[in-house]
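Report on the following structure.
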Amino acid sequence: MLDVFRSIPTQMDYKGQKLAEQIFQGIILVSAVIGFIYGYVTEQFGWTVYIVMAGFALSCLLTLPPWPMYRRNPLKWLPVQESGTEDKKPADRKPKRHSKS
Amino acid sequence: MNTVLSRANSLFAFSLSVMAALTFGCFITTAFKERSVPVSIAVSRVTLITFSLMCIHLQSIFDWNVKQLFLYLSAEYSTKNNALNQVVLWDKIILRGDNPRLFLKDMKSKYFFFDDGNGLKGNRNVTLTLSWNVVPNAGLLPLVTGSGHMSVPFPDTYETTKSY
């Protein structure tokens with residue numbers, strides 16, 4: 001069953017990763033500031049914790065799944081090369097035999 | 001940050017660090033607050049101590065960093081062996097959200113007032129004070145004495161134990 005999960009593509013490209021990190025850090029910091037002020041004003045530290053947890057849930061939703069906005073700059077791979085000698089592994093090399101001589 | 005697990009790891013660790021910083025902030029905003037309020041105590045009977053307590057200012061101690069208050073009434077006296085003896089007679093826990101105005105009349109002491117070493121018999125000056133322990137959400141637990149007290153002279157004979 002685990003193979004189903006492994007086959008879902010979850011990668012992002014590099015610019016997408018940077019964007020995701022900025023997004024979740026920003027969301028959690030903003031919710032921490034809002035939560036601190038709200039808890040101080042209403043004199044209940046429990047509300048601070050609830051607001052930070054809500055910020056955590058929101059940033060989970062925004063950054064964990066690989067949304068298309070994180071895939072806008074894909075890496076440019078080189079095209080597949082057809083040359084033969086670099087691809088052979090050393091174990092495959094057999095000593096040359098002059099069969100037809 | 002390429003896989004879901006690595007992003008989840010970094011997100012969770014960042015949230016926990018932010019939460020720790022907020023808890024420290026909560027501690028710092030209430031660490032230097034003055035927590036002593038005036039209390040009035042009256043004693044109506046000295047043997048098997050019966051007392052009355054009144055304190056209306058306890059609400060000002062409760063802020064966002066206080067979980068509960070542990071109050072106790074202690075009797076202090078001095079003998080020729082020790083300069084200060086303290087005996088706890090009664091205590092009470094007040095949680096957040098409970099009614100913090102104390103109007104207790106003619107309460108009996110919860111614990112027996114044992115005389116440990118013959119110091120109380122005929123003692124001219126026994127002082128009753130109310131103190132409390134502030135139990136916080138984050139930080140230190142200060143022990144504060146209320147700013148009102150009552151002194152009572154004790155009788156010259158012991159009371160024999162009666163059944164309650």
Check: Side chain, backbone, both or neither: which part of A:Y70 has a heavy atom under 4.5 Å from chain B?
Finding: neither
Next item on the list: Let me know if A:V49 has heavy atoms under 4.5 Å from chain B in its side chain, its backbone, both or neither.
Entry: both
Identify whether [X] and [Y] are in the same connected component of the hydrophobic contact network (ILVMFWY, side-chain heavy atoms under 4.5 Å).
X     : Y     : value
A:L29 : B:L22 : no
A:W47 : B:F62 : no
A:L58 : A:I23 : yes
A:M12 : A:M69 : yes
B:F24 : A:Y38 : no

Check: Who among B:N2, B:V66, B:L5 has the most heavy-atom pairs with chain A under 4.5 Å?
Finding: B:N2
Next item on the list: Go through A:M53, A:Q44, A:Q25 and name the one with the most non-hydrogen pairs under 4.5 angstrom from chain B.
Entry: A:Q25
Next item on the list: Look at A:V33, A:T63, A:T42 and state which one has the largest set of heavy-atom pairs under 4.5 Å with chain B.
Entry: A:T63
For [X], is it the side chain, the backbone, both or neither that has a heavy atom under 4.5 Å from a heavy atom of chain A?
X      : answer
B:F12  : both
B:S6   : neither
B:V18  : side chain
B:N137 : side chain
B:T23  : both

Check: Does atom CZ of A:R71 have more than 12 heavy-atom neighbours, drawn from other residues, nucleotides or ligands, at distances under 6.0 Å?
Finding: yes
Next item on the list: May I ask you to check whether over 12 heavy atoms, not counting those of A:Y40, lie within 6.0 Å of atom OH?
Entry: no
Notebook entry, point to check: With side chains defined as the heavy atoms from C-beta onward, is the minimum distance between A:F45 and B:N65 less than 4.5 Å?
Noted result: no
Quick check: closest heavy atoms across [X] and [Y], and the distance to 0.1 Å?
X     : Y     : value
B:L11 : A:S59 : CD1-OG, 3.6 Å
B:S15 : A:I28 : OG-CD1, 3.0 Å
A:L64 : B:R7  : O-NH2, 2.7 Å

Notebook entry, point to check: Is there a side-chain contact (heavy atoms from CB on, under 4.5 Å) between A:F56 and B:L16 once you walk through the steps?
Noted result: CA-CA 10 Å; A:F56 173 76; B:L16 281 187; over 6 Å; no
Next item on the list: Would you please indicate if the ring centroids of A:F36 and B:W64 are separated by under 6.0 Å?
Entry: yes
